[in-house]
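By convention in this document, chain letters (A, B, ...) are assigned in the order of the sequence lines, proteins followed by strands, and residues within each chain are numbered from 1. All values derive from a computational prediction rather than experimental measurement.
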Protein chains: 2
Amino acid sequence: MAEQPLYQQIAEDLRKQIHDGTLAPGSQLPTETDLRKQYDASRNTIRDAVKRLSSQGLIETRPGRGTFVTTRPDPFVFVLTAQPGQLSVGEGVTYLSTVGAEKRKASMSTPTVEVQAARTVIAARLRVPPGTQVVSRHQERFIDGFPWSLQTSFYPMEFITRGAIRLLMAEDIEVGAVQYLGDMLGLSQFGYRDWITARTCDSNEQAFFRIPHDSTVFEVFRTAFDQKKNPMRVTVTVFPTDRNQFIVNVGDVPEPEYSQDDPPA
Amino acid sequence: MAEQPLYQQIAEDLRKQIHDGTLAPGSQLPTETDLRKQYDASRNTIRDAVKRLSSQGLIETRPGRGTFVTTRPDPFVFVLTAQPGQLSVGEGVTYLSTVGAEKRKASMSTPTVEVQAARTVIAARLRVPPGTQVVSRHQERFIDGFPWSLQTSFYPMEFITRGAIRLLMAEDIEVGAVQYLGDMLGLSQFGYRDWITARTCDSNEQAFFRIPHDSTVFEVFRTAFDQKKNPMRVTVTVFPTDRNQFIVNVGDVPEPEYSQDDPPA
DNA sequence: GGGTATTTGTCCGTATGTATT
DNA sequence: AAATACATACGGACAAATACC
């Protein structure tokens, strides 16, 4: 039974205080100088302990102000298995806490449109050779002004030459891109596949979502298929894991019971 | 444009070398002493840079040996929207790389059975009052001997008193628990809901999966419903995000295209 | 097994910079 | 401007794990 290093012991002690509520979410931890006296350790050792908890997202440090227990936002719950075609932006999103929850509103930035050579993953999903030109439409999405997700949709360049010219416009397609493709090209969405992965965020995402540099995000690849089972669109959406959850319904299921988890033991 | 701190510059430089392949996966980084000369920085500054990459999972340090670029295992891809009843253990799992992929085999430990007071999340999903006694069956699951997931299923205690006594036995229910409940209690699974979340791993999970202390895991809550839409089982499965991905199919979709992502820019 | 060199881990001290109040 | 609190960067000393002879 080897003894744990001092900084880990301190981290464990603080973690317990956070979990049992001695240190409530949002409250300030003792300053480094105080902790130093409290545990009779050097400042660097205290900082190692704090860094450990900080990198796990339990606490966050604010220069000049202090160290605080992280407050977790009320998670957004997104239903992945909705019926195709009947969803518009932000629909399918619900919230864990229903107490006093006025209806929240999703919004998005006007799209950034680019023509790119398709990355390997995108090309494979669109079933085009890697490096093929594709149209990319990128949007920032918010819920009640809170950064929610970053979404990029990819369409085959061929759709443009076949007449779906509005895909190149840096403006919302009010009627919905799927509807528009149906009108212009006779394509309709008969199904889609979501591919859910997780990874650490990059610096763009870190800045947009205002999350610590090493926190993780969901990256969901949605491939939409037309009536001939050909891919018509690939949408990559990045969700920070601290505020997003997903629901998948299979078969005959009732309405979900929304419930907060109890604090981990 | 403020200049970045030295340790972050060093981290960035090393990150680039990892991404562009100068430092290949599995290869050893220069030692701290070498890096110190290379960047003309103190050992602690080098260590701060290394820690930054280490906490992001890009590199891992092995005491007495050196620092190495992380090798990522071939991800397991799990299909969440399979038809109920037709799945046994490990089915629905495929692999990204198909090159020379002999059929891999899933296995699991014999279950650990406990009777517990239901946590809030479990109770809400089973639709019983919090604190109600429930049967918990916990198993470690492997693929080709590689730790894959940790699974705990919860059943209402009432099932035992109604005769499904084998739920209390610490042994596999060969025929499958769902089938068994059908035979004994006339319950059959008409649907399920998966609730996908992510969080940082705890120390048990860290040890079992052999992952760094602050890496994240998927936590999937699967609630199974019977013909009357009543919950009959809640299964909580923990998957490390570094080796697991999920697929959700909706509507009419073709077979997936498995494809590795290209290295992030 | 033992001894030694190498490499990372822990812990301390100090000085200075930057952000906030 | 001054005080407070965290961030960066340097230095040193010893411990623990590993590899090699």
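Between the P atom of D:dT8 and the CD atom of A:Glu32 lies a distance of 11 Å, rounded to the nearest Å. Rounded to whole angstrom, the span from the CD1 atom of B:Ile46 across to the P atom of D:dT8 amounts to 15 Å. Between A:Lys51 atom NZ and C:dG9 atom C1' the separation is 13 Å, expressed in whole Å. Rounded to an integer number of Å, the gap from CG of B:Leu29 to P of C:dT8 is 9 Å.
Under a cutoff of 6.0 Å and an axis angle of 45°, A:Arg62 and A:Phe68 form a cation-pi pair. Cation-pi geometry between A:Arg243 and A:Phe76 is not met: the NZ or CZ atom fails to fall both under 6.0 Å from the ring centre and inside 45° of the normal.
Among the protein residues, A:Thr33 comes within range of no part of the nucleic acid, since none of its heavy atoms lies under 4.0 Å from any strand.
Distances shorter than 4.0 Å separate none of the side-chain N or O atoms of B:Arg47 from OP1 or OP2 on C:dT8. For D:dC10, the OP1/OP2 oxygens have a side-chain nitrogen or oxygen of B:Thr45 closer than 4.0 Å. Look at A:Thr67 and you won't find any side-chain N or O under 4.0 angstrom from OP1 or OP2 of D:dA5. A sub-4.0 Å separation between OP1 or OP2 of C:dG9 and a side-chain N or O of B:Thr61 is present.
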Contact pattern, 5' to 3', of nucleotides 15-21 of chain C - B, S or - by protein heavy atom under 4.0 Å: B---BSS

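Residues from residues 8-17 of chain A placing a heavy atom under 4.0 Å of any atom in DNA chain D do not occur.
Residue-to-nucleotide proximity on DNA chain C shows that, of A:Arg36 and A:Tyr7, the 5′-proximal contact is made by A:Tyr7.
Between the side chain of A:Ser153 and the main chain of A:Arg137, no donor-acceptor pair closer than 3.5 Å is present.
B:Ser109 and B:Gln139 are not linked by any side-chain donor-acceptor pair at a separation below 3.5 angstrom, with hydrogens and angles left out of the test.
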